[in-house]
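Chain identifiers are assigned alphabetically (A, B, ...) following the order of the sequence lines, protein sequences preceding nucleic acid strands; residue numbering begins at 1 within each chain. FYI, side chains are in, hydrogens and waters are out, and symmetry mates aren't considered; it's all heavy atoms of this structure.
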Number of protein chains: 2
Amino acid sequence: MSQQSRGGGRRPVTMKQVAELAGVHVSTVSRALNPATRPMVVAEAVARVMKAANTLGYRLDPVAASLRTGRSRLVGVLVPDIATSVFTPILTGATARLSTHGYSAMVAYVGADARQQLDLAGDLIARRVDGLILATVSLDDPLVGFCLAEKLPAVLVNRAEKEARVPAVVSDDMRGMQLAIDHLVALGHSRIGHLAGPQQHSTGLLRRQGFLQALAAHGLKAHGLIEAGTYTREEGAQAAQQLIDGHPEITAIVAANDLLALGAYDTVREHGLTCPHDIAIIGHNDMPLVDLVQPPLTTIRISHEEMGRQAADLLQQTIESADSPVRNVVLPPRLIVRGSTAAPRKGRIKSKA
Amino acid sequence: MSQQSRGGGRRPVTMKQVAELAGVHVSTVSRALNPATRPMVVAEAVARVMKAANTLGYRLDPVAASLRTGRSRLVGVLVPDIATSVFTPILTGATARLSTHGYSAMVAYVGADARQQLDLAGDLIARRVDGLILATVSLDDPLVGFCLAEKLPAVLVNRAEKEARVPAVVSDDMRGMQLAIDHLVALGHSRIGHLAGPQQHSTGLLRRQGFLQALAAHGLKAHGLIEAGTYTREEGAQAAQQLIDGHPEITAIVAANDLLALGAYDTVREHGLTCPHDIAIIGHNDMPLVDLVQPPLTTIRISHEEMGRQAADLLQQTIESADSPVRNVVLPPRLIVRGSTAAPRKGRIKSKA
DNA sequence: TTGAAAGCGCTAACAG
DNA sequence: CTGTTAGCGCTTTCAA
């Protein structure tokens, strides 16, 4: 029957030992240690148990508890496996807040493959996670359906679904675009193109809608709108290429995120043009270092860490009270003006390349 | 005795059900399903078990298994909670590789506080992790002593200890500095200062040593060496300030990492100087986007994803064979020449600020 | 080669 | 208020 534990770190103290030292039964220890059941135990006994636990350095075994209760105080977090991005602050915010709620996080970095995502989620469920934070979802994501079917609490972060089936924490993407457009229009721009993001993500879709709507509010229409397939600098460069080729009259580009905007930088430079003089560029996210590129990027700031924290809060609520209503948290974005936007040039682009 | 499971996702299939369907005892199922014990079971029975497991969609319950065996196929990963940095690729590399070894990762983002780190590690141990990957260690870290005492397999990544008590995967930091110095000397520089990193981390210490040693190899000596307390842009800016004030004769700055180098950019700009003309600057890490700053940063590239992968491999070996020797993996860095280095100016700095 | 049985550490219904 | 008892799902010794 030998319990093959790790080589030899002194084996952990069990509840039974605490019970012996305190002179009570294990179940009393269990009750005394759990705040929810503590009132059942007479104060004097609680004190004895606490003391015994302390002197022995007892820690509750979460694995045993989990086997018994089916809960784990463990939360799974699925994030896209991209290095250059906003997911790190989301993660640090979420994990920090989760731990104040008494939860630990299992983070899984996943690619776009839906099959792999389902597998990973299955793993997490097998590990009895109490809930999931998803930073990966598309507008109608099978994973969300899966969680719903399994009755596993889930919260979306950064990206939401088209239909609000589970709680989500997102930035007000349409409002962000409005800030961008208002800024450009105030500078005098009227021929503005859009580098849209992937349309299967809410960020791509809503920012695009926001772009169009904000323009319309000023009585303007889009001068070009190209969709990038992924949020990468390379795709951004390529899309910007098409945008400029198709609409040489534009004086400004609004990108759906910073990486796309930086791709546009590459293209603009390649054409021998300068930003902001020939073309103004504006990003979205305000990710680290974009203030250091040349010119410093004007962009829409989102507080990703706050997003992570709120997602943790929302998940905790969802776990704790089974049928809390599906609540969405929408965070207000902020315009950060730097050097990549200025008044428009007069006349057409004169490409030196 | 009610098992209070999640509201109502159909309760997971148990081994017992598989046993019934296959017409054998649970212990036979257990043996058939575990590759290590499978040879004990007659082939025909194995087949029946497999088929039954498949049709029922059985998944082994890792929690129950863990309670019984003391192992978890779970690995804890401790990383510093900084957003702008090299730890994301280390993490994606490590978690991807871990999963091919059949392990899941619990990632914890931690601050510099030693007490908090110990607590977190305690949590992970309570969750019965089979091992730890530490990206946080200082040159003589209590956490490593703790793991040793608990006989918990641990592997260091990116940063090592002074004494090799446990396996580590690091870049050849001294070699990296040699590449930097050789490059600058080849360009004609001879008055070179160093923006050193925190000396309690191996990266800071070794890069500093490498700097000094590489200079000596060219018959040169340091023109200034300031230590930054943390790897941040702000500290870098401040340290660069001191460096330039104390050694106005320098023509080049070698920074211990990219963030410090970017801080130096700020200072140089503030002084009305230009890089590389007035002062050449070289970083370390080649983190994302440093090719986009102005001027594009010359730096030493480290493959952090590979680092993560190797750390996962090393940990797996350490877990699997208890007393494998303490092996260090040292990855070769590469010089990436961009726009922040050029031939030195003639004469003194003429600050316009 | 397989089944029986014990038990990992904990929680919760039940009885007192 | 507290002790007894059963058992979460699995692994492994022991006996057949």
Side-chain angles (χ1 to χ4, degrees), chain A residues 1-6 10-49 52-53 56-74 125-128, chain B residues 1-6 11-49 53 56-74 125-128:
Chain A
M1 206 81 345
S2 82
Q3 174 79 0
Q4 76 179 66
S5 91
R6 274 179 294 106
R10 53 148 182 42
R11 74 177 47 258
V13 180
T14 89
M15 207 174 243
K16 201 162 144 201
Q17 301 174 49
V18 177
E20 270 158 26
L21 181 57
V24 293
H25 194 264
V26 278
S27 50
T28 305
V29 176
S30 172
R31 289 189 274 250
L33 257 26
N34 182 325
T37 49
R38 189 169 305 154
M40 295 180 166
V41 179
V42 70
E44 194 259 345
V46 171
R48 280 217 315 286
V49 168
L56 293 180
Y58 172 75
R59 300 187 68 138
L60 186 135
D61 183 333
V63 176
S66 179
L67 180 60
R68 185 56 238 254
T69 62
R71 304 192 57 219
S72 62
R73 303 209 72 87
L74 211 57
I125 291 178
R127 298 237 181 230
R128 285 168 156 64
Chain B
M1 206 86 338
S2 81
Q3 172 81 1
Q4 77 177 64
S5 92
R6 274 179 293 103
R11 75 177 49 256
V13 180
T14 89
M15 206 174 245
K16 200 162 145 201
Q17 301 174 50
V18 176
E20 268 159 27
L21 182 57
V24 293
H25 195 262
V26 278
S27 50
T28 304
V29 175
S30 172
R31 287 189 275 250
L33 257 26
N34 183 326
T37 49
R38 189 168 304 152
M40 295 180 167
V41 180
V42 70
E44 193 258 344
V46 171
R48 280 214 318 285
V49 168
L56 293 180
Y58 172 76
R59 300 187 66 138
L60 186 135
D61 183 332
V63 176
S66 179
L67 181 61
R68 184 57 237 256
T69 62
R71 304 193 57 217
S72 62
R73 302 209 72 87
L74 211 57
I125 291 178
R127 298 235 181 232
R128 285 169 156 63

Rounded to whole Å, please give me the gap between [atom1] in [X] and [atom2] in [N].
{"X": "Arg59(B)", "N": "dG9(D)", "atom1": "CZ", "atom2": "C1'", "value": "15 Å"}
{"X": "Arg71(A)", "N": "dC10(C)", "atom1": "CZ", "atom2": "P", "value": "18 Å"}
{"X": "Met40(A)", "N": "dC14(C)", "atom1": "CE", "atom2": "P", "value": "13 Å"}
{"X": "Gln17(A)", "N": "dG9(C)", "atom1": "CD", "atom2": "P", "value": "9 Å"}
{"X": "Lys16(A)", "N": "dG3(D)", "atom1": "NZ", "atom2": "P", "value": "15 Å"}
{"X": "Asn34(A)", "N": "dT11(C)", "atom1": "CG", "atom2": "P", "value": "7 Å"}
{"X": "Leu33(A)", "N": "dA12(C)", "atom1": "CG", "atom2": "C1'", "value": "16 Å"}

Any idea which of [options] is nearest the [X] side chain?
{"X": "Val42(A)", "options": "dG3(D), dC1(D), dT2(C)", "result": "dC1(D)"}
{"X": "His25(A)", "options": "dG9(D), dT4(D), dT11(D)", "result": "dT4(D)"}
{"X": "Arg68(B)", "options": "dT11(D), dT4(D), dC10(D)", "result": "dT11(D)"}
{"X": "Met15(A)", "options": "dT13(D), dT11(C), dG9(C)", "result": "dT11(C)"}
{"X": "Leu60(B)", "options": "dG3(C), dT2(D), dT11(D)", "result": "dT11(D)"}
{"X": "Asp61(B)", "options": "dT4(D), dG9(C), dC10(D)", "result": "dC10(D)"}
{"X": "Thr14(B)", "options": "dT2(C), dG9(C), dG9(D)", "result": "dG9(D)"}
{"X": "Ala65(B)", "options": "dC10(D), dC10(C), dG3(C)", "result": "dC10(D)"}
{"X": "Leu67(A)", "options": "dG9(C), dG3(C), dG3(D)", "result": "dG9(C)"}
{"X": "Arg128(A)", "options": "dT2(D), dG9(D), dA12(C)", "result": "dG9(D)"}

Starting from the 5' end of DNA chain D, give me the residue, Ala43(A) or Val26(A), whose nearest nucleotide shows up first.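 On the 5' side of the pair lies Ala43(A).
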
Want to settle it: does Pro39(A) or Ser27(A) sit nearer the 5' end of DNA chain D, counting the closest nucleotide to each?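 Per heavy-atom nearest nucleotide, the more 5' residue is Pro39(A).
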
Trace of the side chain to side chain contact (heavy atoms under 4.5 Å, CB included) decision for Val24(A) with Arg48(A): CA-CA 9 Å; Val24(A) 293; Arg48(A) 280 217 315 286; 3.5 Å; yes

Using a 3.5 Å distance criterion without hydrogens, assess whether the side chain of Arg38(A) forms a donor-acceptor pair with backbone atoms of Leu33(A).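 A pair under 3.5 Å: yes.
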
Keeping the roles fixed (side chain from Ser30(A), backbone from Val26(A)), state whether a donor-acceptor pair exists under 3.5 Å.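 Here the side-chain-to-backbone pair does not exist.
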
OP1 or OP2 of [N] versus the side-chain N and O atoms of [X]: is any pair under 4.0 Å?
{"X": "Tyr58(A)", "N": "dC10(C)", "result": "yes"}
{"X": "Thr28(A)", "N": "dG3(D)", "result": "yes"}
{"X": "Ser30(A)", "N": "dA12(C)", "result": "no"}

Given Gln17(A) and Leu56(A), is the side chain to side chain contact (heavy atoms under 4.5 Å, CB included) satisfied, shown in steps? CA-CA 8 Å; Gln17(A) 301 174 49; Leu56(A) 293 180; 4.2 Å; yes

Could you give me the CA-CA distance, side-chain angles and deciding distance for Lys16(A) and Glu20(A), then say whether salt bridge (charged side-chain N to carboxylate O under 4.0 Å, His left out) is met? CA-CA 6 Å; Lys16(A) 201 162 144 201; Glu20(A) 270 158 26; 5.3 Å; no

Within the modelled atom types, does a donor on one side and an acceptor on the other bring the side chain of Arg31(B) and the base of dG3(C) under 3.5 Å apart?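 Flag set: donor-acceptor pair detected.
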
After noting the C-alpha distance and the side-chain angles of Tyr58(B) and Met15(B), does the key distance pass the side chain to side chain contact (heavy atoms under 4.5 Å, CB included) rule? CA-CA 8 Å; Tyr58(B) 172 76; Met15(B) 206 174 245; 3.6 Å; yes

